[in-house]
Amino acid sequence: METAYNPKNVEDRIYKFWEEHGYFSASASAKKPFSIVIPPPNVTGILHMGHVMDETPQDILVRFKRMQGLETCWVPGTDHAGIATQNAVEKQLKKEKTSRHALGRAKFLERVWEWKKQYGDTIIQQLKKLGCSCDWSRLRFTMDEAYSAAVKDVFVRLYEKGLIYRGNYIVNWCPRCLTALSDEEVENVDTVGGLYWIRYHFKDDKDKYVVVATTRPETMLGDTAVAVNPSDERYKGLIDQTLILPIMKREIKIIADEIVEKDFGSGAVKVTPAHDPNDFMMGQKHNLEFINILSPDGKMNQNAGEYKGLDRLECRKRIIERLANEGLLEKQEKYSHAVGHCYRCNTMIEPYLSLQWFVKMKPLAEPAIKAVRTGDVRFFPEHWSKTYLNWMENIRDWCVSRQLWWGHQIPVWYCEATAESRPIGTKDACPPIVSRETPTKCPKCGNTNLIQDEDVLDTWFSSWLWPFAVFGWPKQTEDLKYFYPTNVLNSGKDIIFFWVSRMIMAGLEFTGKPPFKDVYIHGIARDSQGRKLSKSLGNSPDPLALIDKYSADAIRFGIMANIPLGGDINLSDETYESGRNFCNKLWNASRLILGAEKPKNERTEELKKCFEDKWILSRLNTTISDYTKALETYEFSEAAHLIYHFFWSDLCDWYLEIIKPRLYSNDKTVASIIPHIFSSTLRMLHPFIPFITEELWQKFLEPVEAKRHTGSYPERSEGTEQYPTYFSSESVMIAPWPKSDSAQIDEQIEKAMETNIGIIRSVRNIRNKMNIERKQALDLIISAEATKMLDDIKPHQELIKHQANLSKIEMGVKLAKPKHSATEIVSALNLFIPLEGIIDPEAEKKRLQDRLAKIQEQLTLVNNKLSDEKFKSRAPEAIIQKELLRQEELTKQSVNLEEALREL
RNA sequence: GGGCAGUUAGCUCAGUUGGUAGAGCGCUUGGAUCACACCCAAGAGGUCACAGGUUCGAGUCCUGUACUGCCCACCA
């Protein structure tokens, strides 16, 4: 074996090995199921570190559960990501100096499918590189034929139930993507802009005017009223009076509405029903005219008169100038407010009146709220349920139609008469035909010229069905019955509203069950400075490059060991280095074992165990228990720390160092315990670092297999954990999960070992401070002060002597005795290392005095406490006993120290 | 404006039902010893944001304050 672990070539070979053995596939069986559906990555591009954060915990859980013996199914797939993918392909077309409009819908869609093929395949390859143990036979795409059928089915069901409606409303409009967006797809960014105060003169009294304030002055071209609060004294008597809208010279009325805030601006607000949600409501209420002044691309339209064709922002500039020139601009001031931007292209969105399809959300939200309230669906960490509930309780209807080409075309057909144009406010002559199948004629008028709605559905309208659609829903398949609901959903906090909440609603609505029991929310990957990872900042590393440099195992372990509970992680080279170092340590520890002696795989029970053997077995079983518990509750970094500590500190630093002589001398007990420990450790580590554990498993397996070949070893008995089969299975991936044997857990032994370690460290510390070579054997004298320790230490003298290189240990020696030679005192333990000729009596005296002062100070505190009536009457007995012991101990120490000082 | 987190070692974070603060990295010192320098040994470093309260005892529970981050929101 090489001195350093070299993951190159190992990982690909191992992954192939797993695939060829069919370990990933799952099917309905008598076993208990465990299922996870992957949050399908968008086919917009290749994977980034955010995906690694997303997939790694899932693979850990899946591997963990598979080893626990559950029928484990991880469904992989990708998402068509309508708007995002369409944008990506459009960008590509732009580079080719063409556009989707030049290509036409059909040709364009061909291009997107090509794109999807390319990136979808790449994503799958990347997931494999990362080690993901998905059931690849179940690979799904949100635009698969069967999946599309499910989407249609859902649309029709909701429509029939009256939960889908079509109507003219103000929606979030992206003038670049040329589509409506849902509220969730708008990112509000605090922006400093201007607040403009404009004078609207009265028709009858040209000298008088009302001042309105606005941040979007260009919308005044579409004003059809000015509104004030009915209780506003300033405007009493002015209601219903007529104003002349500047520039357009249109006559508009002053209306009264409660919605107007008296305290904002002048208390009077211009009303533009076609370009503001509030104004829209007022427009309906007061029967105002709706004047749309914008084209879909954000330019002014014919209703803007001379400004037609200008971009809205350019128009804004000109309007301001003109108003100023005409003396109608009362004032302008800087104003900071939230402005919506498209979450895909970052263009400033416009509130825009258009005909769209909506889903009524309140009826869907109610059961979904209940599911989380009652604990049918649980969030980890729990506090995310509050965020979820807060949003769900204030949910608003969902605009699901998108004016895009890439996506599920809406399963609605119109009679030709009403399909072409969609004039605002007009009603279709024939009602739309909402159908799973393509209809042949209009059921009302019999017309056979039907035109399908050109729009597609919001991409999330398909992904909210993911947990059951991947199992064949709406068909009641075996898979659906067996694997659904899934066990846990893994997601980033950024898509709780987009996806998690909607899946819960869809699951309950369409299957009657919540789609998963647990939701594990992980944080977001950031760079070492805490910034979000993004292409433009250049701080978003390519996972494949990192895997190439550090190995997939290193990335996985590094991230999972360092990720705070539910918090964001700052990624840096150190993160991956720590993972790499850990793997290398594992490699080398195995190398020590495999090089020293082939594993014997023999029974341990009959062999005589030394103290350290019992200790490491106790530690092992404690670790198995705690580690398993941590994984069950999604505490990945906690789990990683537990196993890290057990392996590196307990096993490598102490146990292996202690047993080295026995290892080289072929001690039978060691030779049987070691395979047991390594087998369990490799199995525990496998979910985190699957590749190297498999590679090592195979190496441990070699001698065993060799013996089987020669017939000197019994055949493998599958699936048992019984000796002599520590390495019973052909792959660690299908090996049984280690079980904690509570009979081997011994707290006293673990405590005793801690004491031993403390003593050994103290001696080493003294060596260090005094520059004493390790080769030079020392005498250790333990003072009588440390009476309590003596019994603990006695049985382990040999161990301590060997680890600390001591020639002898003398116990119960009074502090005063080594006054001519004691040179260093370890205060906590009262150890003395006698050495001739180095003592400085003055320094020694000072040291003792300081220590005495400290002890007396503590003694006073304890005495005070013990004489406190309240403490005596209320503190638990165990605590009082502890204090009494401490008092005794401190008293003894102070007496000894005083005596030592006198003798000095 | 509302909601949710957070404030503990130089940095990133743990801290289980209240019982005298831990890890990794970094730093300091020493070390080519026959698993590993991607290593080993040892060490230094903390008024647990602040102020009150409950308690025999508070990093931990309660109230308030300050600051940081995130999310939601139709004051134009």
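Basis for what follows: all heavy atoms, side chains included, without hydrogens, waters or symmetry-related copies. The sequence lines fix the lettering, A, B, ..., with proteins before strands; numbering per chain opens at 1.
Side chain of A:Lys585, nearest nucleotide from B:A42, B:C75, B:C39: B:C39. Among B:G30, B:A14, B:C75, the nucleotide with an atom closest to any side-chain atom of A:Phe264 is B:C75. Distance from the side chain of A:Arg591 is smallest for B:C36 among the nucleotides B:A41, B:A76, B:C36. Comparing B:C36, B:C13, B:G43 against the side chain of A:Pro564 picks out B:C13 as the nearest. Side-chain atoms of A:Asn584 lie closest to B:C36 of the nucleotides B:C36, B:A76, B:A42. Side chain of A:Val269, nearest nucleotide from B:C36, B:A76, B:C4: B:A76. Nearest nucleotide to the A:Lys660 side chain, out of B:A35, B:A73, B:A76: B:A35. Listed nucleotides B:C36, B:C25, B:C74 differ in distance to A:Ile259; the shortest reach to its side chain belongs to B:C74. You'll find that the side chain of A:Glu638 is closest to B:A14, out of B:U12, B:C72, B:A14. Candidate nucleotides B:A35, B:C4, B:A73 were compared by shortest atom distance to the side chain of A:Glu657, and B:A35 ranks first.
Note on A:Tyr335: only backbone sugar-phosphate atoms sit closer than 4.0 angstrom, heavy atoms only; bases stay farther off. Residue contacts shown for A:Val271 are absent, as no nucleic acid heavy atom lies under 4.0 Å away. Within 4.0 Å of A:Cys652, counting heavy atoms only, lies at least one base atom of the nucleic acid. Nucleic acid contact class of A:Phe497 (heavy atoms, under 4.0 Å, all strands): sugar-phosphate only.
Close to B:A73, at under 4.0 Å from its OP1 or OP2, lies a side-chain N or O of A:Arg396. Contact annotation: A:Tyr664 side-chain N/O to B:A35 OP1/OP2 distance is under 4.0 Å. For B:C72, neither phosphate oxygen OP1 nor OP2 lies less than 4.0 angstrom from any side-chain nitrogen or oxygen of A:Asn394. Between A:Trp648 and B:C40 there is a side-chain polar atom (N or O) within less than 4.0 angstrom of OP1 or OP2. A sub-4.0 Å separation between OP1 or OP2 of B:C71 and a side-chain N or O of A:Tyr388 is absent. Contact between the side-chain N/O atoms of A:Lys493 and the OP1/OP2 oxygens of B:A5 is not found at any separation under 4.0 Å. Put simply, A:Arg764 has no side-chain N or O that comes within less than 4.0 Å of OP1 or OP2 on B:G30. The side chain of A:Arg761 places an N or O atom within less than 4.0 Å of a non-bridging phosphate oxygen (OP1 or OP2) of B:A42.
Cation-pi geometry between A:Arg619 and A:Trp654 is not satisfied (NZ or CZ under 6.0 Å from the ring centre, within 45° of the ring normal).
Each of A:Asp263 and A:Ser649 has a nearest nucleotide on RNA chain B; the 5'-most of these lies closest to A:Ser649. Comparing A:Leu656 and A:Glu184 against RNA chain B, the residue whose closest nucleotide sits nearer the 5' end is A:Leu656.
For the pair A:Tyr200/A:Ile252, a side-chain contact is recorded, criterion being any heavy-atom separation below 4.5 Å from C-beta on.
Comparing B:C71 with B:C13, their C1' atoms sit 23 Å apart, to the nearest whole Å. Taking atom P in both B:C25 and B:A66, one finds a spacing of 39 Å when rounded to whole Å. Taking atom C1' on both B:A5 and B:U29, the two are 41 Å apart, rounded to the nearest angstrom. Comparing the P positions of B:G26 and B:A35 gives a spacing of 24 Å, expressed to the nearest Å. Using atom P as the reference point in both B:U47 and B:A51, the two lie 14 Å apart (nearest Å). Across the C1' atoms, B:U16 and B:C11 are found 26 Å apart, a figure rounded to whole Å. Between B:G59 and B:U17, the two P atoms lie 16 Å apart (nearest whole Å). As rounded to the nearest Å, B:C27 and B:G69 have C1' atoms that lie 29 Å from one another.
A:Asn805 places a side-chain N or O within donor-acceptor distance of the main-chain N or O of A:Lys775, the cut-off being under 3.5 Å. With hydrogens and angles ignored, the 3.5 Å screen pairs no side-chain donor or acceptor of A:His522 with any backbone N or O of A:Tyr520. Remark: side-chain polar atoms of A:Ser637 are paired, donor with acceptor, to backbone N or O of A:Ile563 under 3.5 angstrom. Remark: side-chain polar atoms of A:Arg526 are not paired, donor with acceptor, to backbone N or O of A:Asn570 under 3.5 angstrom. Between the side chain of A:Arg234 and the main chain of A:Ala268, no donor-acceptor pair closer than 3.5 Å is present.
The interatomic distance linking A:Asp653 (CG) with B:A42 (C1') rounds to 13 Å, in whole Å.
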